[in-house]
Amino acid sequence: MKRSVWGWMLCCTLLSATLAFGQSATTSLRGTVKDPSGALVPEAKVTLADKTKGKTVNATADSAGNYIFPQIPPARYTITVSAAGFGIQTKTAELLVNQPATINFALTVEASTVTVDVSATAQTLNTSDATMGDSVGNSTIAALPMEGRDPISLLTLQPGVLYLGNPEENSTNDSRSGSVNGGRSDQGNITLDGMDDNDQLKGTAFSGVLRSTMDSTEEFRVTTSNGTADAGRSSGAQVALVTKSGSNGYHGALYEYYRPTNTVANNWFNKSQQISQGLPNRPQKYVLNTFGGSLGGPIKKDKLFFFFNYEGLRQAISDVVTATVPTAQFYQGQLGYINNAGVATYLTSTQVGTLDAGCSTNVTCGVNPNVQTYFGSLKTAGIVGVSGIAGDGINSAGYVFVSPAPKTQNTSILKLDYSLTAHQQ
């Protein structure tokens with residue numbers, strides 16, 4: 001019996017490893033090879049070379065001069081095309097995740113090598129499918145300013161996206177926060193290096209269950225509409241994140257982002273509350289500190305690579321909180337209502353007691369003096385509600401105050417890449 005249980009556990013482990021190993025965040029490349037007159041060049045040899053990892057992939061153009069690499073890891077490649085009787089031509093292109101690229105070649109008769117750099121706009125133009133969405137490479141991620149070095153803010157910079165922030169930070173649980181082209185946030189699909197990264201509990205739009213840092217994100221693509229069959233598990237956006245990898249050369253970084261509280265403007269409701277109480281205009285506290293470092297390199301040249309990133313997050317932030325408290329009249333035992341003329345009318349504590357005439361209970365009828373004493377202590381503490389913020393404005397009103405909401409977060413990310421063959425990684 002024990003052997004059977006251990007056997008099943010081993011089979012499940014191997015099956016899980018096999019399924020995980022089979023998934024990856026990839027891209028594709030295709031194109032046509034022609035001669036100077038525009039005639040097709042069949043049987044041309046096409047080579048993709050990732051010089052950072054020493055990886056090379058080969059393909060041969062068909063009889064119509066078309067070549068294709070249907071599934072390759074996103075990277076910056078050197079593409080070399082050669083054919084009998086023509087000069088060798090080389091182009092450099094950065095192929096981004098889930099962004100099919102089309103790069104055509106026009107060979108020359110001369111024997112010399114011609115080097116041409118393809119611009120980022122041309123190489124990422126998608127003419128292979130109808131998907132809508134942008135791919136963003138590492139150079140753009142590093143160049144754009146982001147508060148707290150949070151890559152999630154980049155994912156939302158897409159046409160058709162409505163994003164109101166992280167539900168944990170702004171207490172917004174509305175599934176429309178993060179809608180893409182009308183699809184709710186919980187209808188999206190997030191993958192990290194090809195693996196499912198969806199938060200099944202909270203259903204957030206752009207943040208997965210595993211945290212990604214800006215320094216660990218190599219690139220990403222958000223497909224906002226017309227997703228292809230390989231992504232068709234949901235009706236919303238398809239978010240594909242790729243973690244940085246090591247290479248044959250060592251590379252690393254140290255960084256720190258600090259935002260002080262002296263640049264923060266006061267919340268409108270908080271300021272209104274302070275004015276009503278005669279208090280000075282004092283903004284809520286907001287100190288944000290993000291720091292960390294990364295290191296990547298080879299373990300075995302051309303075969304095994306590593307990348308590691310640590311990031312610490314320290315927040316000393318005060319949230320603006322709205323509480324519902326009794327009005328000044330309710331403190332005194334008065335009960336208000338709207339009469340037929342639409343005017344607020346208040347019953348005195350004596351009239352409230354009359355409403356309970358004939359009651360027989362061990363609890364005080366009418367206005368409870370114990371509750372009134374409790375309300376009186378709140379009033380003494382200076383908690384006075386402001387109508388129009390919360391409550392009904394008659395017996396209850398809103399009281400706005402700041403409450404400390406500190407946050408400490410430590411993130412460690414380790415990625416290992418092993419190249420079995422030119423086609424298996």
**Request:** Please confirm whether the backbone N or O of Thr213 pairs with a side-chain atom of Thr217, one donor and one acceptor, at under 3.5 Å?
**Result:** yes
**Message:** Applying side chain to side chain donor-acceptor pair (under 3.5 Å), can you list everything that pairs with Thr78, at least two apart in sequence or on another chain?
**Reply:** none
**Message:** Quick check on side chain to side chain donor-acceptor pair (under 3.5 Å): which of Asn198, Asp197, Thr223, Asp196 does Asn189 satisfy it with?
**Reply:** Asn198
**Prompt:** Among pairs that include at least one residue of residues 257-269, which meet salt bridge (Lys or Arg N to Asp or Glu O under 4.0 Å), considering only residues two or more places apart or in two chains?
**Reply:** Glu147-Arg259
**OG on Ser216 to CD on Glu311, rounded to 0.5 Å** = 7.5 Å
**Prompt:** Leu295: what forms a side chain to side chain contact (heavy atoms under 4.5 Å, CB included) with it, not counting sequence neighbours?
**Reply:** Phe306
**Prompt:** Which is it for Thr191 and Val239 under the side chain to side chain contact (heavy atoms under 4.5 Å, CB included) test, yes or no, and what are the steps along the way?
**Reply:** CA-CA 6 Å; Thr191 59; Val239 180; over 6 Å; no
**Listed partners of Asp392 passing side chain to side chain donor-acceptor pair (under 3.5 Å), at least two apart** = Ser396
**Asked** Taking only residues at least two apart or on different chains, which pairs with a member in residues 269-296 satisfy salt bridge (Lys or Arg N to Asp or Glu O under 4.0 Å)?
**Response** none
**Request:** Determine yes or no for a side-chain-to-main-chain donor-acceptor pair under 3.5 angstrom, with Gln89 supplying the side chain and Phe105 the backbone.
**Result:** no
**Request:** Tell me, please, which residues at least two apart from Ala405 pass side chain to side chain contact (heavy atoms under 4.5 Å, CB included).
**Result:** Asp319
**Message:** Run the ring-ring contact (aromatic ring centres under 6.0 Å, His included) test against Tyr255 and tell me which residues pass, sequence neighbours left out.
**Reply:** none
**Request:** Applying side chain to side chain donor-acceptor pair (under 3.5 Å), name anything that partners Thr243, two or more places apart in sequence or on another chain.
**Result:** Asp193
**Set of side chain to side chain donor-acceptor pair (under 3.5 Å) partners for Gln284, sequence neighbours left out** = none
**Fill in**
The side chain to side chain contact (heavy atoms under 4.5 Å, CB included) partners of Phe308 (sequence neighbours excluded) come to Tyr310, Ser412, Leu414
**Request:** With sequence neighbours left out, write down each residue that passes ring-ring contact (aromatic ring centres under 6.0 Å, His included) with Phe305, or none if nothing qualifies.
**Result:** none
**Listed partners of Gln409 passing side chain to side chain contact (heavy atoms under 4.5 Å, CB included), at least two apart** = Arg211, Leu313, Lys407, Thr411
**Item:** Rounded distance (nearest 0.5 Å) linking atom CG of Leu288 with atom OH of Tyr286
**Value:** 5.5 Å
**Prompt:** Is the backbone of Gln99 close enough, under 3.5 Å, to the side chain of Thr27 for a donor and an acceptor to pair up by distance?
**Reply:** yes
**Request:** Could you label the plane-to-plane angle of the Phe401 and Tyr399 rings as parallel, tilted or perpendicular, counting under 30° as parallel and over 60° as perpendicular?
**Result:** parallel
